[in-house]
Amino acid sequence: MYDFNFAPVFDSFGSLLVGAWLTVQMSCIAMVVGLILSIFGAVGKTSGPKPVRIAINVYIEVIRNTPFLIQLYFFFFALPALGLRLGPNQAALLALVVNFGAYGTEIMRAGVASVGHGNIEAAKTVGLNFFQTLRYVILKPAMRAVYPALTSQFIYLMLASSVVSVISATDLAAAGNDLQSQTFASFEVYIVITAMYFAMSLAFSGVFALIGKYAFSYPVNR
Amino acid sequence: MSSQPVPTVQLAPELAIEMTQIEKWYGAFQVLHGVDLTVAAGERIVICGPSGSGKSTLIRCINQLEAIQKGSIKVNGTVLDKNAKTVPLDIGMVFQQFNLFPHMTVLENCVLGPVKALKVSKEEATQTAREYLKRVRIPEQADKYPAQLSGGQQQRVAIARALCMRPRIMLFDEPTSALDPEMVKEVLDTMIDLAQDGMTMICVTHEMGFARAVADRVIFMDHGQIVEENSPELFFGNPQHERTKNFLGQIA
Amino acid sequence: MSSQPVPTVQLAPELAIEMTQIEKWYGAFQVLHGVDLTVAAGERIVICGPSGSGKSTLIRCINQLEAIQKGSIKVNGTVLDKNAKTVPLDIGMVFQQFNLFPHMTVLENCVLGPVKALKVSKEEATQTAREYLKRVRIPEQADKYPAQLSGGQQQRVAIARALCMRPRIMLFDEPTSALDPEMVKEVLDTMIDLAQDGMTMICVTHEMGFARAVADRVIFMDHGQIVEENSPELFFGNPQHERTKNFLGQIA
Amino acid sequence: AELANIKDAGVINIGVLIDFPPYGIMNENNEPDGYDATVAKMFADDIGVELNLIPVTGPNRIPYLLSGQVDVLVSSLAITPARAEQVDFSNPYAAIRIGIMAEADLDISSADDLDGVSVAVARASGQDATITEIAPEGTVIRRFDDDVSAVQALLSGQVQAIGASNTVMAQIRHVAPGQFDEKFTLNQFRLAIAVTPDAPELLAYANAFLARVTESGALNEVHMQWLDEPLPDFTE
Amino acid sequence: MIREFGPNEIIYITLAIRYTILLSLIAFAGGAVGGLIIALMRVSQNKYRRWFAVAFIRVFQGTPLLMQLFLAYFGMAILGFPIDPWTAASFALILHAAAFLGEIWRGCIEAVPSGQHEAARVVGLGYVNRMRHVVLPQAMRIALGPTTGFLVQLIKATSLASIIGFTELTRAGQIISNATFQPFMVISLVAALYFVLCWPLSKLASNMEHKFNQATTR
Ligand SMILES: Nc1ncnc2c1ncn2[C@@H]1O[C@H](COP(=O)(O)OP(=O)(O)OP(=O)(O)O)[C@@H](O)[C@H]1O
Ligand SMILES: Nc1ncnc2c1ncn2[C@@H]1O[C@H](COP(=O)(O)OP(=O)(O)OP(=O)(O)O)[C@@H](O)[C@H]1O
Ligand SMILES: [Mg+2]
Ligand SMILES: [Mg+2]
């Protein structure tokens with residue numbers, strides 16, 4: 001039987017916390033920026049001119065049908081050849097934004113579609129233009145309709161970010177891997193970082209529930 | 001200012017709406033077949049007819065929610081641009097399904113258009129909104145959300161919201177047919193009240209009581225055409241067309 | 001078989017439903033306040049009253065869609081078990097929103113209950129279903145899907161589906177209020193037709209024409225109580241309570 | 001597992017790398033091959049059991065051994081004190097030199113010069129351990145999952161230097177001639193067979209086996225075959 | 001020692017797709033069964049079943065699949081239950097898929113209007129018949145789109161099984177790129193292969209969602 005020894009892991013717990021903090025930061029930034037991207041993507045895909053629609057479609061299909069790992073490689077190793085050199089954490093962040101943007105666009109599109117056509121017509125009859133309608137009439141109900149989908153996509157993204165260590169980004173999984181290669185206490189490290197990811201996803205679920213309660217708490221029928 | 005010509009006194013009654021030879025297709029299906037309709041300012045018109053006859057389509061064409069393929073529409077003397085993306089601001093509309101914005105309070109619903117589209121100050125818009133809410137007899141509901149109101153109250157909010165834009169013409173598309181019997185009365189009372197003000201009104205409805213009480217003219221549509229057109233007394237008392245007679249027989 | 005007692009001839013009319021002192025809460029909100037209602041076999045009852053007065057709740061209690069907290073319900077002489085998970089099979093129900101199964105044809109909708117719950121053979125159930133579809137005058141729609149039918153046709157399928165279970169009691173919850181004016185008539189005709197057969201019927205509706213034509217008794221509910229109960233003539237002609245008068249005044 | 005269990009089972013599971021040429025490669029038939037695999041083969045034959053080669057990676061090879069998924073590692077594992085606390089090492093069967101390679105015009109000649117320089121290494125490798133230990137505070141160590149990613153980081157300009165073995169450095173010279181050169185040697189590592197701490201007999205057997213094949217010249221022959229140079233002298 | 005990136009290498013990578021497909025199929029088949037059970041428990045009247053389902057979903061949606069795979073394979077072994085990689089990968093992927101599918105399908109079951117449950121009860125159907133003939137067939141239509149969508153994610157997620165020694169598509173790519181030092185050629189090929197595998201499914205999913213939306217909006 002293997003002798004568990006968590007002491008070396010907890011001795012270096014600080015380094016894991018630093019990694020976890022980076023994971024949280026990267027995920028949050030990716031979510032906010034990705035969400036903005038998603039909103040424009042969704043609107044572009046629903047009512048943009050044809051070339052825009054095609055471009056958005058290509059973007060969505062390419063990102064959704066290739067592994068995140070490969071997208072990471074691309075942003076880190078291939079972009080320098082195109083003249084854009086990003087550090088590992090920046091490249092990871094960019095990959096996360098681009099990835100979340102693709103999924104988010106599809107989700108937001110469903111949200112926009114769920115806002116009744118009647119509401120959009122009503123907005124027209126009180127004289128609102130396209131952007132006003134989007135901003136004041138569509139956005140909030142659309143977000144409310146797809147809020148669960150958006151938040152679970154975010155959690156999925158945060159967990160998927162555990163592969164960014166392959167391009168030497170320094171997130172929680174990377175901190176765990178480094179600690180592992182120093183102490184060789186692989187199982188202890190993996191158990192601890194799994195628990196940390198779990199704690200983070202629970203915490204985020206809680207925060208999202210709270211945000212949902214306040215931001216989207218208007219009553220609806222049925 | 002003084003260099004401008006003094007407006008001439010109008011002899012003929014001013015025309016609110018002039019529709020000439022309107023034709024409208026959905027794809028290959030023709031919904032409106034050369035409809036002509038003229039509505040004087042201050043006139044109150046009721047449109048009825050069987051389901052699918054094109055009533056909704058007709059009034060939606062008036063405020064540009066639907067594009068027409070042929071014919072022309074003049075609103076308050078101006079010809080509507082067929083390619084315009086916005087609706088004419090002096091036409092208010094009340095939908096069958098209310099279409100209130102669910103994430104805004106009653107007051108926010110009423111204030112949105114005036115503030116964003118008419119660029120009225122927030123204070124002024126709020127004051128106007130409160131007046132109209134009083135007018136439709138639900139001033140105390142101002143801070144509730146639509147879902148917290150009964151159907152009749154929601155429809156009255158929709159009316160107030162349309163009025164806040166201070167339109168000269170109001171369109172109603174079966175405003176009471178989504179309501180419980182008791183709530184129908186509340187809304188009809190509100191509408192009768194408005195009619196007394198001399199506002200131009202076009203209302204799609206099957207409520208004969210309402211038609212009798214306020215309509216200057218009743219229009220019967222079938223298959224995308226205006227089949228019969230008369231004063232309420234003559235329309236209900238002595239319908240001319242076979243189709244009208246049949247229809248009245250069934251909804252009675 | 002011969003050892004069983006010969007059924008005695010009943011002197012008093014057999015009771016289809018006996019509700020005694022029904023109380024029902026949704027959480028802290030009491031919907032029904034000690035309702036008593038007795039319906040004889042073959043009797044036809046119309047229930048009306050303002051929205052939220054508990055009409056739907058009352059008839060949903062009869063077939064166990066809602067559990068009651070106090071009182072007892074006897075159906076055809078048997079006391080209903082408060083904790084039963086299934087509904088009594090000799091009660092049929094027709095909903096306001098039809099609630100047809102959208103993934104099944106009309107025929108499949110009608111056959112499902114008899115085959116799965118009554119264990120009737122498929123052939124027999126199909127034959128019965130076709131008869132009832134003829135009865136509600138849509139035999140030719142048997143192989144269509146609900147979405148392909150008009151509202152009136154859908155509601156008639158719902159009636160046929162309920163009849164296929166060969167219930168002794170039929171409950172209708174505002175069966176025509178989701179329909180267009182023209183389709184209301186189709187469904188009411190079907191129901192009047194059924195009433196002539198002597199089936200026990202309880203119907204929540206505001207269609208006075210229907211009430212006048214078939215009801216033995218009209219019941220008026222308000223705030224979870226039966227306020228007035230009378231023959232249709234007296235009920236409409238000479239309502240006793242202030243509340244009833246008001247209500248009738250508004251829906252007229 | 002202990003030697004007796006392996007003999008009973010009639011088969012030995014040996015973990016080898018397949019992404020570390022020429023020690024561990026995937027051959028034309030897409031089977032694990034290379035110096036390590038050949039040594040593993042000799043070892044299994046010596047015990048007289050069937051050989052089951054299991055491909056492992058740098059980061060996961062020790063979990064493979066400790067969890068019993070392999071009996072023995074012949075996976076270019078360098079002897080380090082930290083590892084020796086987790087696994088038992090045999091006597092060495094190969095040696096490897098690791099050094100720092102960097103852009104030709106970068107002026108560095110010792111560990112102290114690494115201050116402010118970004119260095120790529122394969123995570124959990126000997127060079128990772130060494131650089132982590134000796135590099136000054138300001139060194140930016142970028143850890144990748146394997147050597148090829150580290151090399152790619154160097155080639156694409158994401159890092160200025162790389163810590164790698166002599167064989168990897170040879171490959172860099174091959175793909176980017178003249179662009180990079182070796183600045184200094186970091187460390188000499190002796191590579192050993194690793195077993196779990198609870199298998200002393202297996203360990204003893206492995207040492208005896210290595211002594212035998214070194215003595216007979218068989219190991220040297222294999223080393224010549226894969227590395228083009230004779231087996232180094234481990235006694236120094 | 002450097003291999004050229006030639007036909008042999010392309011074939012090697014392309015053939016590795018069979019592990020990707022096999023792993024996906026196992027995960028999906030097992031996950032479908034588990035997901036249905038979890039979904040039904042999640043909408044059950046019994047609160048302990050509901051709690052179990054919620055906890056299950058929380059744990060397996062709340063931790064990275066990579067860690068689940070690692071702990072299933074190496075973790076079970078050090079606890080004294082050594083299992084082969086197939087068992088470990090199946091275990092982890094199935095639990096992962098069951099949690100996600102359970103959650104997706106719960107939503108679909110709840111999307112079937114309560115009027116349907118009631119109408120089914122009124123024609124005398126018990127729980128099993130109600131679910132089998134009325135609720136699940138309707139839920140299935142709603143579920144087809146999101147389910148296929150998840151399948152795409154699952155196919156890509158099987159690449160994580162390389163941590164426990166599977167030479168599936170991604171790992172095969174790594175091996176060849178290590179041997180040939182041609183990472184860009186390899187990555188492009190691997191990405192293209194994933195795209196070929198996933199894109200038809202994505203298309204199918206969006207077509208079905210589109211159809212469903214049309215069917216429900218009259
Ligand atoms: N977007 C559309 N595409 C195709 N056909 C349409 C569309 N909207 C309406 N129609 C058709 O146009 C005809 C007229 O529709 P309209 O809604 O104007 O009828 P209506 O008189 O208002 O009926 P109702 O009393 O049911 O509201 C109908 O036959 C309808 O099926
Ligand atoms: N599930 C529920 N939870 C809480 N309250 C409910 C629920 N269902 C109904 N109610 C309340 O119970 C009351 C009676 O409802 P019920 O549906 O029986 O009224 P009704 O007479 O059928 O009205 P309507 O004519 O609008 O159908 C209403 O005030 C309603 O808000
Ligand atoms: Mg209409
Ligand atoms: Mg009701």
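Letters A, B, ... mirror the listed sequences (proteins, then strands); counts begin at 1. All heavy atoms count here, side chains included; hydrogens, waters and symmetry mates do not. Treat the numbers as computed from the prediction; the structure is a model and nothing was measured.
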Exercise. Mind checking which of residues 67-80 of chain A sit less than 4.5 Å from chain B, heavy atom to heavy atom?
Worked result: none
Exercise. Would the number of heavy atoms belonging to other residues, nucleotides or ligands and lying under 6.0 Å from OH of Y26(B) be above 12?
Worked result: yes
Exercise. Side chain, backbone, both or neither: which part of I91(B) has an atom under 4.5 Å from a heavy atom of chain A?
Worked result: backbone
Problem set entry | Best-contacting candidate, L112(B), T105(B), N63(B), against chain A by heavy atom pairs under 4.5 angstrom | L112(B)
Exercise. Counting distance only, does the side-chain N/O of H103(B) pair as donor-acceptor with the main-chain N or O of Y136(A) below 3.5 Å?
Worked result: yes
For this session: Could you tell me which portion of F101(B) (side chain, backbone, both or neither) has an atom closer than 4.5 angstrom to a non-hydrogen atom of chain A?
Result: both
For this session: Decide yes or no for L100(B) and N119(A): does some side-chain heavy atom of the first lie under 4.5 Å from some side-chain heavy atom of the second?
Result: no
Seminar exercise, completed: Residues P219(A) and A147(B): closest non-hydrogen pair is O-CB, 3.3 Å
Problem set entry | Side-chain heavy-atom pair T125(A), P167(B) within 4.5 angstrom cut-off | no
Exercise. Does a side-chain heavy-atom distance below 4.5 Å link Y218(A) with M104(B)?
Worked result: no
Problem set entry | Contact summary for G113(B) and L128(A), nearest pair of heavy atoms | CA-CD2, 4.3 Å
Seminar exercise, completed: Whatever's closer than 4.5 Å to a heavy atom in chain A on L89(B) counts as side chain
Exercise. Taking R161(B), Q97(B), E108(B), K144(B) one by one, which has the highest count of heavy-atom pairs under 4.5 Å against chain A?
Worked result: R161(B)
Exercise. Which atom names give the shortest non-hydrogen contact between Q132(A) and K116(B), and what distance separates them?
Worked result: NE2-O, 3.0 Å
Exercise. Relative to chain B, which segment of E121(A) carries a heavy atom at a distance below 4.5 Å: side chain, backbone, both, or neither?
Worked result: both
For this session: Might you confirm whether atom OH of Y59(A) has over 12 heavy atoms from other residues, nucleotides or ligands at distances under 6.0 Å?
Result: yes
Exercise. Got a sec: does the CD of Q127(B) have more than 12 other heavy atoms crowding it under 6.0 Å?
Worked result: no
Exercise. Given that the side chain runs from C-beta out, which part of L171(B) has a heavy atom under 4.5 Å from chain A: side chain, backbone, both or neither?
Worked result: neither
Seminar exercise, completed: Looking only at heavy atoms, the pair that brings A117(B) and V126(A) closest together is CB-O, 3.5 Å
